[in-house]
Visitor: 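Structure provided below as structure tokens; questions to follow.
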Amino acid sequence: MTVLKTSLRNFLAHKGRMALSAVAVLLSVAFVSGTLVFTDTMNTTFDKLFAATAADVTVSPESAEADESPQSGRPETLPASLLTKVETARGVKSAEGGVVSMSVTVVDADNKNMGSSNGAPTIAGNWTRGELRTMEITSGHAPRGPTDVMVDADTAEKHKLRIGDELRTIAVTGDFTARISGIASFKVTNPGAAVVYFDTATAQRELLGRTGEFTHIAVTAAAGVSHEQLKRNVAAVAAGPYKFQTQAEAADAGREEVGGFLDVMKYAMLGFAGIAVLVGIFLIVNTFSMLVAQRTREIGLMRAIGSSRRQVNRSVLIEALLLGLVGSVAGVGAGVGLAIGLMELMSSMGMNLSTSDLTVKWTTPVIGLVLGVVVTVLAAYIPARRAGKVSPMAALRDAGTPADGRAGLVRGVVGLVLTGAGGAALWAATRADEATEGSMWLGLGVVLSLIGFIVVGPLLAGGVVRVLSAVVLRVFGPVGKLAERNALRNPRRTGATGAALMIGLALVACLSVVGSSMVASATEELDKSVGADFIVQSTNGPIVPQAQQALEKAPGIAHVTEYKGVKATLTAPDGTSTDDEWLVAADPTYAQDLRRETVAGELAAAYGKDAMSVGETYADKHGVKVGDTMTVAFRGGGTAKLRVAAVTSDDTNVDKGAMYMAISTAERYFTPERMPKNMMMFAEAEEGKEKEAYQDLKDALAAYPQYRVLDQTDFKQDLKDQVGQLLNIVYGLLALAIIVAVLGVVNTLALSVVERTREIGLMRAIGLSRRQLRRMIRLESVVIALFGALLGLGLGMGWGTAAQRLLALEGLGVLDIPWPTILYVFVGSAFVGLVAALVPAFRAGRMNVLNAIAAE
């Protein structure tokens, strides 16, 4: 009980010094808790949606894939006559035929796309009684004929649509227009999809191409009939190539469809939270190390009056426990607030998440509390052990412990060994012949070199800080010299403070090098390989035939190349089969649009009758040679025997591993309706007409806003923008770790000012002005921040270089160091150091000189 009272008294006495460490714990726990709450809320939202939209039993084509758009742009269907059979099954209360297509684009009278901008689909279908489970007509009426369309309220509000407005729907079957007859609101949260409804006949004719077919049948059970029993009854009367799912099974399928994306998001965010936790550990270690050093006399007196080492050790750990509890409780609360903020952010981007679905599982606060407390106590363990070793004789000395000007020999040796081992692993990664092997070496090298730099940091602090001081601080005269001496006074503290900043900046530098190298490599490959002047890309489904025809009629075009993706099961001559392989069915002119090297045969021959090419890796794995015959079972089509006419080199990052065939070959194994549509298209301008052709192509597709015409400059910029957006998201997540590191600098300086109170008073007494004092502390902060930045950027560039050499195995062979970004980050670190020192410097400047001299 005495130990507890002492710990509580010390904790409250030093609550100001503990505040920033508590904030670090709070931020780390908040990120973890917020991620869990946010992803659990998204799961709840989708679970409710899937459960509400699924019928008691759903009948759909066996070949229908819920997680992908059909290659042909037309949904898989079943005959309307099946509905009559289903209605006769025992236990059926009612059954309705449904039509749903996600391969559509809806535009308003101004030709503006009504679809979501966040990647959520545009869904078109027929209005049935079953829709009333999830929708409520809040304005107008349901569609009654071919000129009516009903839209969801979220889309109507977002795009300011009203009753009577005209909408054009673009599908592979053609374009058609209708006026808004009604607006329906979701009874459950709509995550962001744009939904339009037509009457059944219109939906069948315009979305499927003919009447008499449905994409699914929704069956409602009679009273007292279970879903499983109803499923068996329906399956008995509707035998055929159909899939039967209960409400729970359909909901599980939908959940599985989005589950992969949600898991990736969850674990990625938790990974960045882990980085913030790691950085917070340095802050906590530093805080308790300095508190123990400042209380040396106090601890010595406790030992002199009978406290054991175990009691002193336990006292410090109890303080850490209290710190962890306070920070974790606040962090869990802040995490809920962070989750709500993320939901609002996603809603502003078009992905609607309602706070009514906010999900805080009991495991979330438990995980947050356990994480915060365990991390804090573990981080305080070493300072606590150091406190327990304080002898009673320390009560007779001045407060504080002698500065460890040299890092321990053992620490230095261990740090150098770890760093050397990490460097060797990174070097091994650059020499790997396979990406899998290289990735293992790269991961090992990153971990070992990071730990090595952390351990050897105090040893490096002396030399690096002196070099930085010679460049940065000497111009400030004696004040700069004092700042240098303060930074060198305790290399272990400077090393730990710099290491916290080093971790975040190392990741920034590594990702910058990788991102810049990816863009440079892709740009070089495009210059070398892509011969087409223009690329037409789709942002929603395949390119519809009417848009293709408009492209082909554009003036000034030498040729237009079709490019279709065809899924198939391949059987090699050795008898091995691989499912879900993608083949490229293209016009022969594609050989001009994309220059591919071959290791055997001629690529032009692959566009001949019943011929194809294979990639070098596939050929080596399965022993395929030119002249061999491949068995190709097309999904949705027939089975072909194709002769291998060429083996393409995989020394590229454009269409790497692609297998080519002629569109005319593919057409022999598909019905016209099931023939896949173009994923993208390429065009070559007539000689000297590139500028005019570029504009003509854009004009030709003006009525189709879902397609983009890119020349090679646009394509490169688009690639750069995509990589840049991804990096910006990562930098934003890393910002939390950097914020925690900045708090570490602030805390170190603040505690350092308290530790040097008497010294500051003496310096002020002998003539150091307040301005000079504040400048000294600011300069000390700047040099510590630059020390961390220099280590982090150097380490990160090493990681990035090794990663790029590994990516070279995938065709990304150009190493590009983004020196402007590296320089901006380095200079920005100096600014961070200045900001971090503002409050400690201000407090130091306000000290009373006499009270400071009298302080113990």
Side-chain angles (χ1 to χ4, degrees), residues 70-73 172 529-536 538 542-545 547-549 551-552 557-573 578 580-616 618-619 622 624-650 652 654-684:
Q71 303 172 57
S72 65
V172 294
S529 302
V530 178
D533 291 323
F534 311 109
I535 301 169
V536 180
S538 172
I543 297 175
V544 296
Q548 177 182 334
Q549 292 168 11
L551 279 173
E552 292 170 343
I557 300 298
H559 72 253
V560 173
T561 300
E562 297 185 52
Y563 183 101
K564 304 174 186 285
V566 183
K567 252 189 176 182
T569 296
L570 298 185
T571 303
T578 53
D580 294 333
E581 291 280 359
W582 279 101
L583 282 75
V584 173
D587 288 326
T589 49
Y590 187 61
Q592 305 170 37
D593 297 327
L594 182 68
R595 295 181 285 270
R596 290 296 307 272
E597 295 182 4
T598 59
V599 295
E602 295 293 333
L603 187 57
Y607 293 100
K609 183 179 179 181
D610 284 338
M612 65 177 293
S613 72
V614 298
E616 182 179 9
Y618 181 91
H622 298 284
V624 179
K625 304 181 296 297
V626 170
D628 287 347
T629 298
M630 300 281 292
T631 302
V632 183
F634 295 105
R635 176 181 290 186
T639 299
K641 297 286 187 178
L642 303 183
R643 178 180 52 83
V644 177
V647 177
T648 55
S649 170
D650 281 344
T652 179
V654 179
D655 268 7
K656 182 172 183 176
M659 304 182 188
Y660 301 109
M661 60 188 297
I663 289 178
S664 58
T665 295
E667 286 175 337
R668 284 197 290 276
Y669 301 95
F670 287 94
T671 62
E673 287 184 352
R674 300 182 71 88
M675 180 66 190
K677 298 297 184 287
N678 289 302
M679 298 169 59
M680 62 176 66
M681 297 182 71
F682 300 84
E684 179 77 16

Visitor: For Glu597, is the CD atom crowded, meaning more than 12 foreign heavy atoms sit under 6.0 Å from it?
Guide: no
Visitor: Could you walk me through whether Thr631 and Lys641 satisfy the side-chain contact (heavy atoms from CB on, under 4.5 Å) test, starting with their C-alpha distance in whole Å, then the side-chain angles of each, then the deciding distance to 0.1 Å, before giving a yes or no?
Guide: CA-CA 5 Å; Thr631 302; Lys641 297 286 187 178; 2.8 Å; yes
Visitor: State, yes or no, whether a side-chain contact exists between Trp582 and Val566 at a heavy-atom distance under 4.5 Å.
Guide: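 No, every pair of side-chain atoms sits at 4.5 Å or beyond.
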Visitor: Before giving the answer on side-chain contact (heavy atoms from CB on, under 4.5 Å), spell out for Ile535 and Asp593 the whole-Å C-alpha distance, their side-chain angles and the decisive distance to 0.1 Å.
Guide: CA-CA 10 Å; Ile535 301 169; Asp593 297 327; over 6 Å; no
Visitor: When you measure from the side chain of Asp650 to the backbone of Gly657, do you find a donor-acceptor pair of N or O atoms at a distance under 3.5 Å?
Guide: yes
Visitor: What closest approach, in Å, do Pro676 and Gly565 show between heavy atoms, and which atom pair accounts for it?
Guide: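 Here Pro676 and Gly565 meet closest at CB-O, 3.7 Å.
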Visitor: As an exercise, state the distance from CZ of Arg635 to CZ of Phe670, rounded to the nearest 0.5 Å.
Guide: 10.5 Å
Visitor: Is the shortest heavy-atom distance from the side chain of Tyr563 to the side chain of Met681 under 4.5 Å?
Guide: no
Visitor: Quick one, Ile663 and Met675 - any side-chain contact, counting heavy atoms below 4.5 Å?
Guide: yes
Visitor: Can you tell if the side chain of Pro573 reaches within under 4.5 Å of the side chain of Thr629, non-hydrogen atoms only?
Guide: no
Visitor: Does the side chain of Thr648 reach to within under 4.5 Å of the side chain of Val614, using non-hydrogen atoms?
Guide: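 No, every pair of side-chain atoms sits at 4.5 Å or beyond.
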Visitor: Going by distance alone, is a donor N or O of one side chain under 3.5 Å from an acceptor N or O of the other, for Glu581 and Thr578?
Guide: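 Yes.
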Visitor: Using modelled atom types only, decide if a donor and an acceptor are shared between the side chain of Arg674 and the backbone of Gly636 within a distance under 3.5 Å.
Guide: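 Yes, because the side chain of Arg674 sits within donor-acceptor range (under 3.5 Å) of the backbone of Gly636.
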Visitor: Could you pull out the closest heavy-atom pair between Val654 and Leu594, with the gap in Å?
Guide: CG1-CD1, 3.6 Å
Visitor: With a 4.5 Å limit on heavy-atom distance, are the side chains of Met661 and Leu642 in contact?
Guide: yes
Visitor: On a heavy-atom basis, which atom in Phe634 and which in Ala568 lie closest, and how many Å separate them?
Guide: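 Looking at all heavy atoms of both residues, the shortest contact is CA-CB, 4.0 Å.
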Visitor: Out of curiosity, Arg643 CZ to Asp628 CG, how far, rounded to the nearest 0.5 Å?
Guide: 11.0 Å
Visitor: Looking at every heavy atom in both Val626 and Ala645, which two are closest together, and how far apart are they?
Guide: CG1-O, 4.0 Å
Visitor: Judged by modelled atom types alone, do Gln548 and Glu562 share a side-chain donor-acceptor pair under 3.5 Å?
Guide: yes
Visitor: Is there side-chain contact between Val632 and Thr569, with heavy atoms separated by less than 4.5 Å?
Guide: no
Visitor: Identify all side-chain donor-acceptor contacts of residues 603-613 below 3.5 Å with residues at least two apart in sequence or on another chain.
Guide:
unit_1: Asp610; atom_1: OD1; unit_2: Arg668; atom_2: NH2; d: 3.2
unit_1: Asp610; atom_1: OD1; unit_2: Tyr669; atom_2: OH; d: 3.0
unit_1: Ser613; atom_1: OG; unit_2: Tyr660; atom_2: N; d: 3.0

Visitor: How far apart are the closest heavy atoms of Val172 and Pro542, and which atoms are they?
Guide: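 Here Val172 and Pro542 meet closest at CG1-CG, 4.5 Å.
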Visitor: Decide yes or no for Met630 and Val624: does some side-chain heavy atom of the first lie under 4.5 Å from some side-chain heavy atom of the second?
Guide: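 Touching, per the 4.5 Å side-chain cut-off.
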Visitor: Do Ser72 and Lys677 have side-chain atoms, one donor and one acceptor, less than 3.5 Å apart?
Guide: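 Note: Ser72 and Lys677 side chains miss the donor-acceptor criterion.
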Visitor: Please answer whether the main-chain N or O of Asp655 pairs with a side-chain N or O of Arg596 as donor and acceptor at a distance below 3.5 Å.
Guide: yes
Visitor: Does one side chain, of Asp587 or His559, offer a donor that lies under 3.5 Å from an acceptor on the other?
Guide: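 Judged by distance alone, the side chains do not pair up.
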Visitor: State, without any angle test, whether Thr589 and Thr561 hold a side-chain donor-acceptor pair at a distance under 3.5 Å.
Guide: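 A pair is found: one side chain offers a donor N or O, the other an acceptor, under 3.5 Å apart.
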